[in-house]
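See structure below.
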Amino acid sequence: MSVQQKAMYLTGRPVGISLRNGQGVSGVICGVQGGEVYVMQYLYATQFATFHYPFNQIHDILPYPECG
């Protein structure tokens, strides 16, 4: 399954995203549009923000595992 297919399938779910530059981010996928995935991420205290990442910068997207 391609990264874009994973993003569409996992929309609305918490995920971890590994980027090609070696960094990783986590959050909830809000949507896929224009070759990018939009992810709601926690910032600080009560603040959240939506970030977008082009598919060509993403190595993989993994759903959060179940607890327990």
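These numbers come from a predicted model, not from an experiment.
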Practice prompt. Kindly determine whether F51 and V25 satisfy side-chain contact (heavy atoms from CB on, under 4.5 Å), including the steps that lead there.
Written response: CA-CA 10 Å; F51 293 84; V25 297; over 6 Å; no
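- Sorted by first and then second residue, the ring pair (Phe, Tyr, Trp, His ring centres under 6.0 Å) pairs involving residues 4-38 (not counting sequence neighbours) are Y38-H52.
- Qualifying side chain to side chain donor-acceptor pair (under 3.5 Å) partners for Q23, counting only residues two or more places apart in sequence or in other chains: N21.
- To the nearest 0.5 Å, atom CD of residue Q4 and atom CD1 of residue I58 are 9.5 Å apart.
- Grouping Ile, Leu, Val, Met, Phe, Trp and Tyr residues whose side-chain heavy atoms lie under 4.5 Å apart, directly or via other members, leaves M1 alone, with no other cluster members.
- Looking at residues two or more places apart in sequence or on another chain, you find a ring-ring contact (aromatic ring centres under 6.0 Å, His included) between Y42 and F48.
- Here the closest heavy-atom approach between residue A7 and residue V32 is recorded as CB-CG2, 3.7 Å.
- Atom CD of Q47 sits in a crowded spot, with more than 12 heavy atoms from other residues, nucleotides or ligands closer than 6.0 Å.
- S2 meets the side chain to side chain donor-acceptor pair (under 3.5 Å) test with Q5; sequence neighbours excluded.
- Closest approach of Q41 to S26, counting heavy atoms only: CG-O, 3.4 Å.
- Using a 4.5 Å cut-off on side-chain heavy atoms (C-beta onward), H59 and R20 make contact.
- V28 and V37 are members of different hydrophobic clusters when ILVMFWY side chains are connected at heavy-atom separations under 4.5 Å.
- Across all non-hydrogen atoms, the minimal contact from L43 to A49 is CD1-CB, 3.6 Å.
- Remark: V15 pairs with L10, I17, I29, I61 by the side-chain contact (heavy atoms from CB on, under 4.5 Å) rule, at least two apart or across chains.
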